[in-house]
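Whatever order the structure lists ligands and atoms in, that order sets their numbers, starting from 1. For this chain, numbers begin at 1 and follow the sequence in order.
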Amino acid sequence: MISNERLYRIGVLISGRGSNMLALADVVRDGRIPKAEIAVVISDRSGAAGLHHAAERGLETLFIERRRRAREEHEREIIAALGARGVDLVCLAGYMRLLSPLFIEAYRGRILNIHPSLLPAFSGLDAQQQALRYGAKVSGCTVHFVDETLDGGPIITQRVVAVHDDDTKEILSARILIEEHQAYPEAVARVVRGDYELNGRRVIGKSRESEVGSPKSKDRL
Ligand code: GRF
C-alpha cells in the first residue's frame, strides 16, 4: 500500500489487442479500484491495436521498439519510462516478451501477468491450444506475480472454464477471455489495496473484502 495522498499508479505493457488492458482501464475509470490510475500503456509493437484503443480513452501511450537491440537495452528504456511516471505496479497484458532479471529486480513483487490456463498447467505460448491437445476437461485463467520463471510466480487468482467437446481454439479462447476480464481487475484490486500476504508460494488474502465484490456491479472490487 502507498500513502493516501497520491493515486496508485499502474503501468500496462501490451503487444497486441489489449482487451485485458481495457478491462483494467474500465474498472479504474469506474472507481472500482479506488485511488488507482492507469499511468501509461506501453507496447513493444507499433501496430498494437491496444495502443490505439488506449489513446482513444485518453490514456498516455508509448511505443518502445525492441527491434535491433538487446533485451536489456529495450527494458532499460521501459523501466525509465515507468519510473518517470512514478509507476507502482506493472501489469503485463498480452505482452509477448519474457522479462529479464533486470526488469524483475527493478519491480520485484510489483509485476503481474495474466495467463490463459490454470497454471502450472499449460505455461508458455498457445495455452488454449495446449489444453485442447492434452484433452483437458477444464481450463481457465491465472493472474500471478511475475518472477524469473516462465509463468511460474505466486498465484493471486484463478478462474475455471469448462472445455466443451466441440471447442475450437478460438471458441475456448473466447470463453476464457471473458473470465480474464473479471479476474485481472479483481487481482489488481487486491494488490492495490495491499490485501494479501505471501506465505511461501501462497498468496493469502488479509481481509474477506475482495471475496465479495460482484464483478458485474459498480461496487469496488
Ligand atoms: C490473453 O489471453 C492473455 O491471457 C495472454 O495474452 C492474451 C492477451 O489478450 N497473456 P489481450 O491483448 O489482453 O486482448
Side-chain angles (χ1 to χ4, degrees), residues 10-29 33 38-57 59 61-64 66 78 89-99 103-104 107 111-134 136 138-163 167-191 215 221:
I10 299 168
V12 188
L13 267 53
I14 64 168
S15 296
R17 165 180 72 176
S19 70
N20 280 289
M21 174 274 298
L22 291 175
L24 285 174
D26 284 350
V27 297
V28 168
R29 181 200 57 205
I33 307 181
I38 306 284
V40 65
V41 176
I42 300 176
S43 171
D44 63 323
R45 293 189 186 157
S46 63
L51 267 190
H52 176 69
H53 298 315
E56 273 181 347
R57 294 185 184 217
L59 299 173
T61 58
L62 288 177
F63 160 50
I64 301 184
R66 165 67 200 274
I78 298 175
L89 181 71
V90 179
C91 293
L92 308 183
Y95 185 65
M96 297 305 287
R97 296 189 181 279
L98 288 178
L99 299 182
F103 199 124
I104 310 277
Y107 276 90
I111 310 171
L112 308 188
N113 182 44
I114 185 152
H115 184 78
S117 75
L118 294 175
L119 290 170
F122 314 129
S123 62
L125 291 174
D126 228 357
Q128 302 93 332
Q129 185 68 279
Q130 289 187 56
L132 284 176
R133 278 213 197 96
Y134 195 85
V138 293
S139 190
C141 62
T142 302
V143 184
H144 62 93
F145 287 106
V146 173
D147 63 14
E148 284 83 356
T149 62
L150 175 66
D151 298 325
I155 292 169
I156 302 165
T157 194
Q158 293 186 302
R159 285 185 167 229
V160 179
V161 170
V163 179
D167 272 350
T168 61
K169 175 187 156 182
E170 289 71 28
I171 292 170
L172 178 60
S173 298
R175 195 178 307 117
I176 292 173
L177 194 64
I178 291 168
E179 299 304 318
E180 292 186 39
H181 294 166
Q182 305 297 330
Y184 214 173
E186 274 176 25
V188 170
R190 175 175 287 260
V191 171
L221 290 164

Is there at least one pair of N or O atoms, one from Asn113 and one from ligand 1, spaced under 3.5 Å apart?
no

protein heavy-atom neighbour closest to atom 10 (N) of ligand 1 works out as Ile114 O, 2.9 Å

Any N or O on Gly16 sitting closer than 3.5 Å to an N or O of ligand 1?
no

Check whether any side-chain heavy atom of Tyr95 lies under 4.5 Å from a side-chain heavy atom of Val90, and answer yes or no.
no

Mind checking whether Val143 and Glu186 have side chains closer than 4.5 Å, heavy atoms only?
no

For Pro116, the ligand 1 atoms whose distance to one of its heavy atoms is below 4.0 Å
2 (O), 4 (O), 5 (C)

Counting heavy atoms not belonging to Tyr134, are there more than 12 under 6.0 Å from its OH?
no

Heavy-atom proximity to atom 14 (O) of ligand 1, best of Ser19, Ala93, Ala49:
Ser19

If you scan protein heavy atoms around atom 6 (O) of ligand 1, the nearest is Gly94 CA, 3.6 Å

Among protein heavy atoms, which lies nearest atom 9 (O) of ligand 1, and at what distance?
Arg17 NH2, 3.1 Å

Hey, what do you get for OG (Ser139) to CD (Gln158), rounding to the nearest 0.5 Å?
10.0 Å

Would you say the side chains of His181 and Ser19 form a donor-acceptor pair under 3.5 Å?
yes

Ser15 side chain to Met96 main-chain N or O, any donor-acceptor pair under 3.5 Å?
yes

Apply side-chain contact (heavy atoms from CB on, under 4.5 Å) to residues Ile111 and Phe103 and explain how you reach the verdict.
CA-CA 9 Å; Ile111 310 171; Phe103 199 124; 3.7 Å; yes

So which protein heavy atom does atom 3 (C) of ligand 1 come closest to, and at what separation?
Glu180 OE1, 3.2 Å

Which atoms of ligand 1 are found less than 4.0 Å from any heavy atom of Gly18?
11 (P), 12 (O), 13 (O), 14 (O)

